[in-house]
Trainee: 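Can you read through this structure? Questions will come right after.
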Amino acid sequence: MAGRFASTARSTRLTVVLGRWLAAAFLVCLATGYYSHLSQEQPAWLTIGSRPVWLYQVTQGLHVTSGIASIPLLLAKLWSVYPQLLVWPPIRSVLHALERASIALFVSAFLVQVTIGLINTYQWYPWPFPFRQTHFWLAWVLFGSLLLHIAVKLPQIKEHWRRRDLVSDPAGSDSSDSDRWSRRGVMVLTGGAVAAVVLTTAGQSFGWLNGLNFFAPRKKQVGPQGVPINRTAEAAGITKSATMPDWHLSVSHGGSITAFSLADLEDMEQHEYNLPIACVEGWSQYANWRGVRLQDVMAAAGVPAGSVLRISSLEEQGFFRETLMPAGFVRDPQTLVALALNGSVLDIQHGYPARIIAPNRPGVLQTKWLKSVEAL
Ligand code: HEM
Ligand SMILES: Nc1nc2c(c(=O)[nH]1)N[C@H]1C(S)=C(S)[C@@H](COP(=O)(O)O)O[C@H]1N2
Ligand SMILES: [Mo]
């Protein structure tokens, strides 16, 4: 593989080392992605509990951060092998064709996956397909094609996994000191790129990096009452219905319906907890939420303990107008019908007159502008 593509910085060892880092980022992404999926689907065979309160915040912060880190790693790895993508003849045997097809699938799926993921976190949906479903199925495609890729490349991986330096061209290794330095240079450059994209975005999820958060879509402490928002009251079209004097929360089970006015809720015992909003898009923020325990409201309405709840918003359209809450979250004493945030009445942007805030719940399920709760 000589000619104009030959760069002495490329080596199998370099490709394997980059692949290890990329695989690590990918596996973190895959595991946390599936955890996010399960947190939202709450399948019957798996109970995801309400503790620790920060679990989803950490897993989804890791998801978006490791996903962002994987982008420069993938590009560096592609750079390290791209002369091989152009070899001639393009296909040498059936096995070779399969190998190339699996790599083509993996690389293109990866590029699509990280691109739509990143664009989604900026709340831009320029494509006609549903993000979540596409991202979910691409994850399986990636997992499958990665296993195939690793199986095919196992000999090279084994040979170069433990080498001490980055020098390793199998055929007649005449790597010089300067080759070694340029390979280290590639690693330093790649590490620098990873550090740069991670450090300037991860502050949206991890508070201690807040000062460096230049590029993430959300910043901590920026928003009404010092908390970011995703969907505004105007976009949700609830500014009228949420400020009607006759607003009430209606709780139903069996045939019975109980209506709680805002004054009724304010008259009940109030509790305050420091809990995070942890958006599926990676940003998160702790705040002091004050209100009535959801379990107290349910008890006052005569809802049997252990019921699953369907929680509805005043919002008439949109994905998040309705959520199901498993009994484990209803039972948690920190799960609130929140009326106040950081010491003052809930801003309309945060769900006035009342919203749900529960520990260890994906942000999308923390329903704002409550209208009704139905026990199923
Ligand atoms: C190879 C990399 C990746 C894999 C394998 C992966 C996998 C997943 C999976 C399985 C889910 C759950 C989908 C569901 O709930 O059905 C998910 C969710 C998500 N991922 Fe990724 N992801 C990757 C990269 C990224 C990147 C780079 C970003 C953004 C920078 C990103 C942003 C998101 C977001 C915002 C969600 C939440 C979607 C929602 O619930 O609405 N992902 N990911
Ligand atoms: N009714 C309703 N509730 C909602 C949403 C919504 O669009 N409609 N967005 C959710 C999302 S995606 C997040 S991250 C949180 C954000 O909460 P905040 O605006 O109070 O910060 O609210 C959730 N509750
Ligand atoms: Mo969100």
Side-chain angles (χ1 to χ4, degrees), residues 39-51 53 231 233 236-273 275 277 289-341 345-348 350-376:
S39 294
Q40 286 181 67
E41 299 305 309
Q42 299 275 353
W45 52 269
L46 180 76
T47 314
I48 291 185
S50 55
R51 300 302 172 97
V53 304
R231 197 163 167 79
I238 53 70
T239 44
K240 280 220 179 69
S241 51
T243 49
M244 297 284 236
D246 67 344
W247 176 87
H248 58 265
L249 175 65
S250 109
V251 179
S252 59
H253 70 99
S256 93
I257 301 184
T258 311
F260 294 84
S261 69
L262 191 51
D264 292 338
L265 293 172
E266 282 162 352
D267 284 345
M268 297 175 70
E269 193 180 340
Q270 307 289 304
H271 299 268
E272 183 159 350
Y273 299 108
L275 292 174
I277 287 275
W289 299 92
R290 187 178 165 79
V292 192
R293 283 184 175 146
L294 182 60
Q295 60 176 4
D296 291 353
V297 180
M298 293 306 108
V303 169
S307 303
V308 174
L309 305 181
R310 176 182 292 132
I311 296 171
S312 306
S313 167
L314 294 168
E315 206 180 340
E316 275 161 12
Q317 268 145 23
F319 289 123
F320 314 130
R321 48 181 293 275
E322 211 175 83
T323 57
L324 288 185
M325 186 183 280
F329 290 88
V330 184
R331 240 191 325 265
D332 193 299
Q334 296 200 9
T335 300
L336 298 179
V337 173
L339 309 175
L341 162 59
V345 174
L346 213 52
D347 189 284
I348 191 156
H350 287 299
Y352 178 87
R355 77 164 311 157
I356 291 293
I357 181 86
N360 193 29
R361 287 285 269 177
V364 287
L365 305 180
Q366 308 273 32
T367 313
K368 306 200 270 196
W369 314 296
L370 288 179
K371 176 170 137 193
S372 59
V373 177
E374 184 191 346
L376 302 178

Trainee: Would you mind reporting whether L346 and P353 have side-chain heavy atoms less than 4.5 Å apart?
Mentor: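 A side-chain contact is absent here, since even the closest heavy-atom pair is not under 4.5 Å.
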
Trainee: Go through the steps to decide whether V364 and F319 satisfy the test side chain to side chain contact (heavy atoms under 4.5 Å, CB included), and finish with yes or no.
Mentor: CA-CA 9 Å; V364 287; F319 289 123; over 6 Å; no

Trainee: Side chains of Q270 and L339, heavy atoms from C-beta outward: is any pair under 4.5 Å?
Mentor: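 Q270 vs L339: side chains touch.
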
Trainee: List the atom of Q295, the atom of R331, and the distance in Å for their closest heavy-atom pair.
Mentor: OE1-O, 3.1 Å

Trainee: Could you list the residues that satisfy salt bridge (charged side-chain N to carboxylate O under 4.0 Å, His left out) with E266, not counting sequence neighbours?
Mentor: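 Partners of E266 under the salt bridge (charged side-chain N to carboxylate O under 4.0 Å, His left out) test: none.
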
Trainee: Name the residue from L336, I356, I357 that meets the side-chain contact (heavy atoms from CB on, under 4.5 Å) definition with L294.
Mentor: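 Testing L294 for a side-chain contact (heavy atoms from CB on, under 4.5 Å) against L336, I356, I357 leaves exactly one candidate, I356.
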
Trainee: Donor-acceptor pair, distance only, cut-off 3.5 Å: does the side chain of H253 make one with the backbone of V251?
Mentor: no

Trainee: Between CD1 of I238 and OG1 of T243, what distance do you get to the nearest 0.5 Å?
Mentor: 7.5 Å

Trainee: L314 versus W247: any side-chain heavy-atom pair under 4.5 Å?
Mentor: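 In short, these two side chains touch, coming nearer than 4.5 Å.
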
Trainee: Taking side chain as C-beta onward, heavy atoms only, is V297 less than 4.5 Å from V373?
Mentor: no

Trainee: How long is the gap from OG on S39 to CG on L365, to the nearest 0.5 Å?
Mentor: 8.5 Å

Trainee: Should L341 and D347 count as side-chain neighbours, where that means a heavy-atom distance under 4.5 Å?
Mentor: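 The answer is no; the side chains never approach within 4.5 Å.
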
Trainee: Check whether S313 reaches the backbone of T367 with its side chain - one donor and one acceptor, N or O, closer than 3.5 Å.
Mentor: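 Absent.
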
Trainee: Applying salt bridge (charged side-chain N to carboxylate O under 4.0 Å, His left out), can you list everything that pairs with D332, at least two apart in sequence or on another chain?
Mentor: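 If we apply the salt bridge (charged side-chain N to carboxylate O under 4.0 Å, His left out) test to D332, skipping adjacent residues, the hits are R51.
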
Trainee: Out of curiosity, R290 CZ to Y273 OH, how far, rounded to the nearest 0.5 Å?
Mentor: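 That separation rounds to 11.0 Å.
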
Trainee: Find the distance between CE (M268) and CZ (R293) and round it off to the nearest 0.5 Å.
Mentor: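 Answer rounded to 0.5 Å: 11.0 Å.
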
Trainee: Identify the heavy atoms of L275 and A358 that sit nearest to each other, and give their distance.
Mentor: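 Answer, listing the atom of L275 first, then A358: CD1-C, 4.4 Å.
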
Trainee: Scan for salt bridge (Lys or Arg N to Asp or Glu O under 4.0 Å) pairs involving residues 310-329, sequence neighbours excluded, and state none if there are none.
Mentor: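 Residue pairs with at least one partner in residues 310-329: R231-E315, R310-E322, R310-E374.
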
Trainee: A375 and L309: which non-hydrogen atoms are nearest, and at how many Å?
Mentor: CA-CD2, 3.9 Å

Trainee: Does any part of the side chain of Q366, heavy atoms only, come nearer than 4.5 Å to the side chain of W289, both counted from C-beta?
Mentor: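 No, their side chains stay 4.5 Å or more apart.
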
Trainee: What is the distance from atom CG of D296 to atom OG1 of T335, rounded to the nearest 0.5 Å?
Mentor: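 If I round to the nearest 0.5 Å, the distance is 11.0 Å.
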
Trainee: Do I48 and Q42 have side-chain heavy atoms sitting under 4.5 Å apart?
Mentor: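 Of all side-chain heavy-atom pairs linking Q42 with I48, at least one is under 4.5 Å.
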
Trainee: Side chain of W369, backbone of I348: donor and acceptor closer than 3.5 Å?
Mentor: yes

Trainee: How far apart are the closest heavy atoms of V337 and A354, and which atoms are they?
Mentor: CG1-CB, 3.8 Å

Trainee: Hey, could you give me the CD1/CZ distance between I311 and F320, rounded to the nearest 0.5 Å?
Mentor: 15.0 Å

Trainee: Check S307 against V330 and note the closest heavy-atom contact, atom names and distance.
Mentor: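 Minimum heavy-atom contact is O-CG2, 4.0 Å.
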
Trainee: Side-chain contact, heavy-atom cut-off 4.5 Å: M325 with R361?
Mentor: yes

